Amino acid sequence: MCRRQLASWAEGRTLTGVRVIDEAVVRHKVSTRPSDKLEGGGGVLEGWVGCTAGAPIRHGKRLGWSFDDNGLLIHLGMTGRWVRRPASDPHPKSTRIGLVFGDEVLWMIDTRRFACVVPIPLGELDQAVRRGHGPDALLEPMGGSQLAAAFQTKRPIKVVLMEQKRIAGLGNIHAAEACFRARIWPKRPANALSSGDWDRLAQGIVTQLQTSVDDIDVGKESVYVSEGGENPFSVYRRAGRPCPDCGVVVVAEELAGRTTYWCPGCQPS
DNA sequence: GCGCATGTTAACTT
DNA sequence: GAAGTTAACATGCG
């Protein structure tokens, strides 16, 4: 979704300024640690002024964006997002970096500082964006049999759905929602799923992600549940409330360090 | 005010 | 190696 925003806001426009608010967000590799910052990284980006923004590409949760011969790898972490503001306005709270295009600025905001941007030569950008990742869940959808082959482990299916090396793009929310759509118990060992389960899961993943992108596009779903408004998900953060499909109370349990939600009625063990 | 939870990742340890 | 744990961080909530 943020790829679409950046494309519509800046593709083809000339970068006229760079505002580095937090030097540590410019890293030498994708990392959640500010200690991996790229020394002089702010200056590197400032050297891109005058370049023209290309079309951003996405693979999983990573973005690649070209500025003439320069590539920028972007990961928004947990709380990162981009906003567009008039260049004359002050930057919002928790802003890390700003890309100026004439009278507008794109600010990258990230309260928890797990987001980062990585300058990379354009020729290496594509492989850097994909490195260590499986197929993109939405752009290169796997069929049931492909999923089964990629998930040969006894670990819980929801946990391994979040492993980017197997399939790229699913986090805690969408992994849980995809399991719900496929009517699969999240704790089920992956290698115990039937071919019918895999087929429903393959469909559930694509439907979940596509629905979410569409909802955000029309403003129905905010990026964060906490940002007020109705919780747009079926089970995520709905513990103790009735399942929208069958009315059974949704339950939550910690799985591999992440809170996991499911409906015991629709997703029986 | 304290403890805990929060959408991610990779570097650790076992 | 696979699998589990922890650390990196800031904020809001009860």
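First the proteins, then the strands, lettered A, B, ... as listed; each starts at 1. These values consider heavy atoms only, across backbone and side chains, with no hydrogens, waters or symmetry-generated copies. Please read all numbers here as calculations on a predicted model, not as lab measurements.
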- Taken to the nearest whole Å, CE/A/Met162 to P/C/dT5 is 13 Å
- Expressed in angstrom and rounded to an integer, what is the separation of A/Phe114 atom CZ from C/dA10 atom C1'? 8 Å
- Item | Within 6.0 angstrom of A/Asp69 CG, more than 12 heavy atoms from elsewhere | no
- Message: Can you tell me if A/His75 touches the phosphate of B/dT8, counting only side-chain N or O atoms and a distance under 4.0 Å to OP1 or OP2?
- Response: no
- Write down the distance separating the P atoms in B/dA5 and C/dT5, rounded off to the nearest Å. 15 Å
- In terms of hydrophobic clusters joined by side-chain contacts under 4.5 Å, are A/Trp82 and A/Leu73 together? no
- Message: Pairs counted only when both distances fall under 3.5 Å, Watson-Crick or G-U: show me the 5' to 3' dot-bracket for DNA chain B, [ ] for pseudoknotted crossings and | for other-strand partners.
- Response: .|||||.|||||||
- Looking at A/Arg62, A/Glu163, A/Gln164, which hits side-chain hydrogen bond (donor to acceptor under 3.5 Å, both in side chains) with A/His133? A/Arg62
- Message: Counting C-beta onward and ignoring hydrogens, is there a side-chain heavy-atom pair between A/Gln5 and A/Arg84 closer than 4.5 Å?
- Response: no
- Let me know the distance between NZ of A/Lys165 and C1' of C/dA3, rounded to the nearest Å. 9 Å
- Please say whether the positively charged group of A/Arg183, taken as NZ for Lys or CZ for Arg, lies over the ring of A/Phe180, i.e. under 6.0 angstrom from the six-membered ring centre and within 45 degrees of the axis. yes
- Query: Using a cut-off of 4.0 Å on non-hydrogen atoms, how would the nucleic acid contact of A/Arg112 be classed: base, sugar-phosphate, or nothing?
  - Reply: base
- Message: Classify A/Ser35 by what it touches in the nucleic acid, base, sugar-phosphate, or nothing, heavy-atom distance under 4.0 Å.
- Response: nothing
- Do A/Leu63 and A/Phe101 sit in the same hydrophobic cluster, where Ile, Leu, Val, Met, Phe, Trp and Tyr count as joined when their side-chain heavy atoms come under 4.5 Å apart? yes
- Query: Any side-chain heavy atom of A/Leu38 sitting closer than 4.5 Å to one from A/Glu23?
  - Reply: no
- Query: Just checking, is any N or O donor in the side chain of A/Asp214 or A/Thr211 under 3.5 Å from an acceptor N or O on the other one?
  - Reply: no
- Query: Given that A/Gly257 and A/Lys154 both sit by DNA chain C, which one's nearest nucleotide is further toward the 5' end?
  - Reply: A/Lys154
- Message: Looking at A/Thr259, I'd like to know whether one of its side-chain N or O atoms comes within less than 4.0 Å of OP1 or OP2 on B/dA5.
- Response: no
- Look at the rings of A/Phe233 and A/Tyr236 and say which category their plane angle falls in: under 30° parallel, 30 to 60° tilted, over 60° perpendicular. perpendicular
- Note on the structure: Closest to the 5' end of DNA chain C, once A/Ser94 and A/Arg166 are matched to their nearest nucleotides, is A/Arg166
- Rounded to the Å, how far apart are A/Lys158 NZ and C/dG4 P? 13 Å
- Message: Whole angstroms only, please: what is the CD-P distance between A/Glu163 and C/dG1?
- Response: 15 Å
Listed pairs, N/O of protein and of nucleotides 10-14 of chain B, under 3.5 Å:
unit_1, atom_1, unit_2, atom_2, d
B/dA11, OP1, A/Lys29, NZ, 3.1

- Message: Using 30° and 60° as the class boundaries, would you call the ring planes of A/Trp198 and A/Phe151 parallel, tilted or perpendicular?
- Response: tilted
- Message: Distance check needed: B/dT9 P versus A/Arg113 CZ, whole Å only.
- Response: 18 Å
- With sugar-phosphate meaning primed atoms plus P, OP1 and OP2, does A/Arg258 contact a base, only sugar-phosphate, or nothing at under 4.0 Å between heavy atoms? base
- Protein-nucleotide distance (A/Leu76, atom CG; B/dT6, atom C1'), rounded to Å: 16 Å
- Task: Grab the NZ-P distance between A/Lys37 and C/dC9 for me, whole Å please.
- Result: 12 Å
- Message: Work out how far the P atom of B/dC12 is from that of C/dC9, and round it to whole angstrom.
- Response: 15 Å
- Task: Would you indicate which nucleotide in B/dT6, C/dA8, C/dG4 comes nearest to any side-chain atom of A/Arg155?
- Result: C/dG4
